[in-house]
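What follows is one structure encoded as structure tokens, with my remarks underneath.
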Amino acid sequence: MSDISFFAASACKITSVKVVTRFAPSPTGALHVGAARTAIFNWLFSANLAGDFLLRIEDTDRARSEERFERQIIESLRWLGIDWQGEIVRQSDRLDTYGKLAGRLVDEGKAYRCYVTADELGRRREEAREKGEVFRYKREWSQLGAAPGKSYAVRLSVLPGENIFVKDLVRGEIVFDSSEIEDFVILKADGFPTYNFAAAVDDAQMDISHVIRGDDHIINAPRQILVAEALGFGKPKLSHVPMILGADGKKLSKRHGAESVTEYRSRGYLPEAVLNYLVRLGWSFGDQEIFAKQELVKIFSLKGIGKSPSVFDPQKFLWLNGKYLRDMSEERMFEEIVSLVKKKEFPEQPREKLRKIIEQMRERSETLNGIVDQSLYFFTDDFEYEEKAAEKFLVEKNSQIFEFLLEELSCLEDFSYNDVHGGFQRVMKRTGLGLGRIAQPARVALTGSTKSPGIFDVVEILGRDSVASRLTRAIQFIKSRNA
RNA sequence: GGCCCCAUCGUCUAGGGGUUUAGGACGCAGCCCUCUCAAGGCUGAAACACGGGUUCGAAUCCCGUUGGGGCUACCA
């Protein structure tokens with residue numbers, strides 16, 4: 001090894017700039033799962049290297065940006081357990097900076113004022129499209145309609161015939177021909193910067209060292225490089241990660257059902273499951289599927305990021321959520337369910353009863369909501385019988401089973417699981433039937449369904465009174481049906 | 001159309017020249033457990049897009065074809 005490379009290697013270590021990443025959503029909607037994954041990757045990457053993770057709100061689209069979306073995005077990030085350092089940077093607060101920088105570029109002859117209106121441009125584009133041609137802005141129109149006081153946009157001069165090299169950490173080098181890039185707008189007529197300008201300026205001024213973002217931005221890379229170069233700014237290292245697609249292979253969108261973190265939250269998904277599922281989409285670590293947050297911070301690296309797009313699989317997501325649901329601590333589960341019960345306006349339950357319901361239902365559900373929704377018969381005596389179930393099990397020949405159960409269960413000492421078990425055994429003896437022949441009709445009488453937790457658990461949870469009234473109801477039902 | 005990206009089971013993916021009869025996970029099927037449904041355990045079906053190279057040898061490297069996706073805004 002030569003001295004030079006040794007020096008370079010060690011210098012790199014010592015002076016290596018601190019890793020700074022950012023998440024830069026535009027507040028034009030809720031936090032999309034694709035954007036959430038981008039945030040997770042950036043956050044994990046910087047956390048792994050003991051760097052900073054910053055948050056920047058790209059609200060330069062005046063028509064579509066809304067403050068409520070900003071709040072929603074921030075809330076979603078917090079919910080996911082993603083935290084950032086320092087103040088949130090808001091681009092609308094930095095209009096001055098962009099204006100000055102764009103002015104400087106104009107003064108230096110690297111950019112110019114363009115008086116062609118957006119409408120006119122639209123017309124030209126339309127015209128060209130009709131003729132089957134590709135429209136590209138031509139600089140000679142730049143002074144069209146120029147007049148003092150007239151509004152204009154600022155465009156960056158792009159020299160044609162040059163190669164722009166994008167060094168992508170996950171894809172390698174991508175070359176663009178500058179002739180393909182027109183003199184793009186950096187400052188709109190309303191004084192707001194365009195995305196490519198603001199992003200390049202901010203990344204430099206925020207000392208962003210690494211940008212990890214979706215594949216769909218790869219086309220923007222050469223433009224942002226051009227901006228940084230014109231301004232003499234530094235350039236962050238870029239990594240473009242493959243996009244998340246819907247089952248139809250198209251970019252994930254509203255058409256595919258739930259697409260925002262908020263929606264999954266309200267459907268009863270757990271934040272650690274969302275994080276885990278999303279991180280595994282486009283990133284992997286050998287055969288491992290389940291990752292704790294702290295573990296991810298330790299092991300995450302760009303090496304695990306793949307190149308091909310991934311299809312969002314709701315089924316696997318659901319399975320993962322179920323996994324986490326079964327793992328969740330009792331206390332936290334209890335709190336979540338209590339607030340859900342309240343929200344859904346289900347009747348309030350005694351603490352101990354609810355605890356037992358949860359214990360039984362958590363392994364039969366994939367989401368928090370599922371636990372509550374599938375427990376209706378625990379919450380009220382007033383439930384419907386499933387038609388097929390009633391037809392098969394709420395029949396004359398089972399009447400006696402219900403009568404016996406009523407007798408044996410009513411006189412139990414303390415209605416514990418063991419007591420209930422004993423009660424059923426006595427009914428088995430009296431009828432000469434196996435447990436299966438008794439449990440299934442009982443299940444239907446007690447829950448209206450052929451599916452439920454173990455019958456002794458159901459009986460124990462419901463309690464003496466409720467069981468008695470449900471058995472009576474079943475007996476009545478059979479009678480009235482025969483009448 | 002142009003530019004750019006991508007290509008292993010249905011899906012997420014491991015594997016990056018010989019260790020591969022291509023591994024894991026979801027889903028699917030079967031079995032076990034069992035009072036039903038789950039959970040859990042076990043077993044099974046299921047993939048290197050195609051064509052050319054390079055090489056003693058290619059899922060792995062190169063080229064092409066095909067297919068998919070993205071961008072093509074005074075949106076981000």
Side-chain angles (χ1 to χ4, degrees), chain A residues 24-28 35 58-65 91 114 116-119 121-122 125 129 132-137 151-155 166 168 171 174-177 179-182 184-196 198-199 214-222 240 242-243 245 247 249-251 277 280-290 304 306-320 322-323 326 360-366 374 389 424 434-444 447 449-456 458:
Chain A
S26 62
T28 53
E58 306 212 325
D59 55 351
T60 54
D61 185 338
R62 284 218 267 189
R64 296 197 303 148
S65 296
Q91 291 187 326
C114 169
V116 184
T117 63
D119 285 349
L121 248 20
R125 240 184 293 272
R129 205 164 50 85
E133 289 167 2
V134 192
F135 175 83
R136 197 157 286 145
Y137 176 79
S151 75
Y152 56 85
V154 177
R155 286 178 185 271
V166 176
D168 189 302
R171 280 158 214 280
I174 305 163
V175 188
F176 290 87
D177 179 357
S179 312
E180 297 292 335
I181 302 172
E182 62 179 16
F184 58 94
V185 171
I186 57 175
L187 208 62
K188 309 178 205 174
D190 64 3
F192 276 61
T194 57
Y195 162 70
N196 281 315
D215 221 336
D216 46 342
H217 282 289
I218 189 155
I219 206 86
N220 292 317
H240 290 97
M243 311 228 305
L245 274 24
K250 300 262 196 288
K251 195 173 169 177
Y277 181 70
R280 270 290 280 104
L281 226 42
W283 176 85
S284 63
F285 189 76
D287 283 341
Q288 195 171 338
E289 297 285 349
I290 312 282
K307 291 181 177 179
S308 44
S310 350
V311 173
F312 189 90
D313 181 359
Q315 292 203 102
K316 186 166 184 180
F317 191 11
L318 211 50
W319 164 79
L320 228 203
K323 265 300 210 211
R326 268 157 244 133
Q360 291 303 320
M361 297 309 286
R362 70 184 328 185
E363 68 189 32
R364 273 162 257 263
S365 308
E366 312 282 32
Q374 289 161 34
F424 269 82
L435 181 56
R437 301 288 296 278
I438 293 171
Q440 210 50 0
R443 195 183 313 280
V444 176
T447 72
S449 158
T450 52
K451 307 169 194 172
S452 85
I455 195 68
F456 309 140
V458 171

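Below, read A as the first sequence line, B as the second, and so on, with proteins coming before strands; counting in each chain starts at 1.
Two residues, A:Lys250 and A:Phe176, neighbour RNA chain B, and the one matched to the more 5' nucleotide by heavy-atom proximity is A:Phe176.
Taking atom C1' in both B:G27 and B:C12, one finds a spacing of 11 Å when rounded to whole Å. Atom P of B:A7 sits at a distance of 16 Å from the matching atom of B:C48, rounded to the whole Å. Remark: the separation of the P atoms in B:A29 and B:U34 is 23 Å, to the nearest Å. Rounded to a whole angstrom, the distance from the C1' atom of B:C75 to that of B:U66 is 33 Å. Annotation: B:G41 and B:U19 have their C1' atoms spaced 30 Å apart (nearest Å). Taking atom P in both B:A59 and B:U54, one finds a spacing of 16 Å when rounded to whole Å. Here, B:G10 and B:C6 have their P atoms 23 Å apart, quoted to the whole Å. Rounded to whole Å, the separation between the C1' atoms of B:G1 and B:A58 comes to 36 Å.
Counting any heavy atom pair closer than 4.0 Å across all strands shown, A:Arg326 reaches sugar-phosphate atoms only and no base atom. Using a 4.0 Å heavy-atom distance criterion, A:Gly282 is classed as a sugar-phosphate-only contact. The residue A:Arg362 sits apart from the nucleic acid: no heavy atom pair falls under 4.0 Å. Within 4.0 Å (heavy atoms only), A:Met243 reaches sugar-phosphate atoms of the nucleic acid but no base atom.
Taking the charged nitrogens against the carboxylate oxygens, A:Asp168 and A:Lys307 have no contact shorter than 4.0 Å, which rules out a salt bridge. A salt bridge links A:Arg326 with A:Glu366; the closest basic N to acidic carboxylate O contact falls under 4.0 Å.
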For nucleotides 61-63 of chain B, tabulate all protein N/O to nucleotide N/O atom pairs closer than 3.5 Å, reporting atom names and distance.
none

Protein-nucleotides 64-67 of chain B N/O pairs under 3.5 Å:
none

Between protein and nucleotides 43-47 of chain B, what N or O pairs are separated by less than 3.5 Å?
none

Please tabulate, one pair per line, each protein N/O and nucleotide N/O from nucleotides 71-76 of chain B that are separated by under 3.5 Å, including the distance.
from  : atom 1 : to       : atom 2 : distance (Å)
B:C71 : OP1    : A:Lys251 : NZ     : 2.9
B:C74 : OP1    : A:Arg125 : NH2    : 3.0
B:C74 : O2     : A:Ala189 : N      : 2.5
B:C74 : N4     : A:Val116 : O      : 2.2
B:C74 : N4     : A:Ala118 : N      : 3.3
B:C75 : OP2    : A:Lys188 : NZ     : 2.8
B:C75 : O2'    : A:Asp61  : OD2    : 2.5
B:C75 : O2'    : A:Arg64  : NH2    : 3.2
B:C75 : O2     : A:Arg64  : NH2    : 3.2
B:A76 : OP1    : A:Thr60  : O      : 3.4
B:A76 : OP1    : A:Thr60  : OG1    : 2.5
B:A76 : OP1    : A:Lys188 : NZ     : 2.8
B:A76 : OP2    : A:Tyr195 : N      : 2.9
B:A76 : O3'    : A:Glu58  : OE1    : 2.9
B:A76 : O2'    : A:Ser26  : OG     : 3.2
B:A76 : N6     : A:Asn220 : OD1    : 3.1
B:A76 : N6     : A:Asn220 : ND2    : 3.4
B:A76 : N1     : A:Asn220 : ND2    : 3.4

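Atom CZ of A:Phe192 and atom CG of A:Leu187 lie 10.0 Å apart (nearest 0.5 Å).
B:G17 is unpaired under the Watson-Crick or G-U wobble criterion, no partner having all donor-acceptor distances under 3.5 Å. Shown here, B:C3 forms a base pair with B:G70; the pair counts as Watson-Crick or G-U wobble because both key distances fall under 3.5 Å. In this structure, B:G57 forms no base pair with any nucleotide, since neither Watson-Crick nor G-U wobble geometry is met with both distances under 3.5 Å. The pairing partner recorded for B:G64 is B:C50, the criterion being a Watson-Crick or G-U wobble arrangement whose two distances lie under 3.5 angstrom. Shown here, B:C31 forms a base pair with B:G41; the pair counts as Watson-Crick or G-U wobble because both key distances fall under 3.5 Å. Across all strands shown, B:A25 forms a Watson-Crick or G-U wobble pair, both distances under 3.5 Å, with B:U11.
Checked by atom type and distance alone, the side chain of A:Thr194 pairs as donor or acceptor with a backbone atom of A:Val185 at under 3.5 Å. A side-chain donor-acceptor contact under 3.5 Å links A:Arg280 to the backbone of A:Trp283. Remark: the backbone N or O of A:Met243 is not paired with any side-chain donor or acceptor of A:Lys251 at under 3.5 angstrom.
Other residues, nucleotides and ligands contribute only 12 or fewer heavy atoms inside 6.0 Å of the CZ atom of A:Arg437. In the displayed structure, A:Phe285 atom CZ is contacted under 6.0 Å by at most 12 heavy atoms of other residues, nucleotides or ligands.
For A:Glu180, the side-chain contact (heavy atoms from CB on, under 4.5 Å) criterion is met by A:Arg136, A:Asp177, not counting sequence neighbours. The side-chain contact (heavy atoms from CB on, under 4.5 Å) test applied to A:Asn196 returns A:Phe184, A:Asn220, A:Arg223, A:Gln224, not counting sequence neighbours. The side chain to side chain donor-acceptor pair (under 3.5 Å) test applied to A:Gln91 returns A:Glu58, A:Asp202, not counting sequence neighbours. The salt bridge (charged side-chain N to carboxylate O under 4.0 Å, His left out) test applied to A:Arg362 returns no partner, not counting sequence neighbours. Residues satisfying the salt bridge (charged side-chain N to carboxylate O under 4.0 Å, His left out) criterion with A:Lys316, sequence neighbours excluded, are A:Glu289. Under the side-chain contact (heavy atoms from CB on, under 4.5 Å) criterion, A:Gln315 pairs with A:Asp313, sequence neighbours left out. Evaluation of the side-chain contact (heavy atoms from CB on, under 4.5 Å) rule for A:Ala439 yields A:Leu435, A:Arg443, A:Ile455 as partners, not counting sequence neighbours.
Rounded to a whole Å, the CG atom of A:Leu318 is 14 Å from the C1' atom of B:A39. Atom pair A:Asp215:CG and B:C4:C1' shows a separation of 9 Å (rounding to whole Å applied).
Side-chain contact between A:Ser26 and A:Asp61 is absent, with no heavy-atom pair separated by less than 4.5 Å. Counting only heavy atoms from C-beta outward, the side chains of A:Tyr137 and A:Cys114 approach each other to under 4.5 Å.
Here the nucleotide nearest the side chain of A:Ile218, chosen from B:C12, B:A14, B:C5, is B:C5.
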Spell out protein contact along nucleotides 21-37 of chain B as letters: B when the base is contacted, S when just the sugar-phosphate is, - when no protein heavy atom is under 4.0 Å; keep the 5' to 3' order. --BBBBS-------BBB

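Between A:Lys307 and B:U13 there is no side-chain polar atom (N or O) within less than 4.0 angstrom of OP1 or OP2.
Relative orientation of the A:Phe424 and A:Phe456 rings is perpendicular, given thresholds of 30° and 60° on the angle between their planes.
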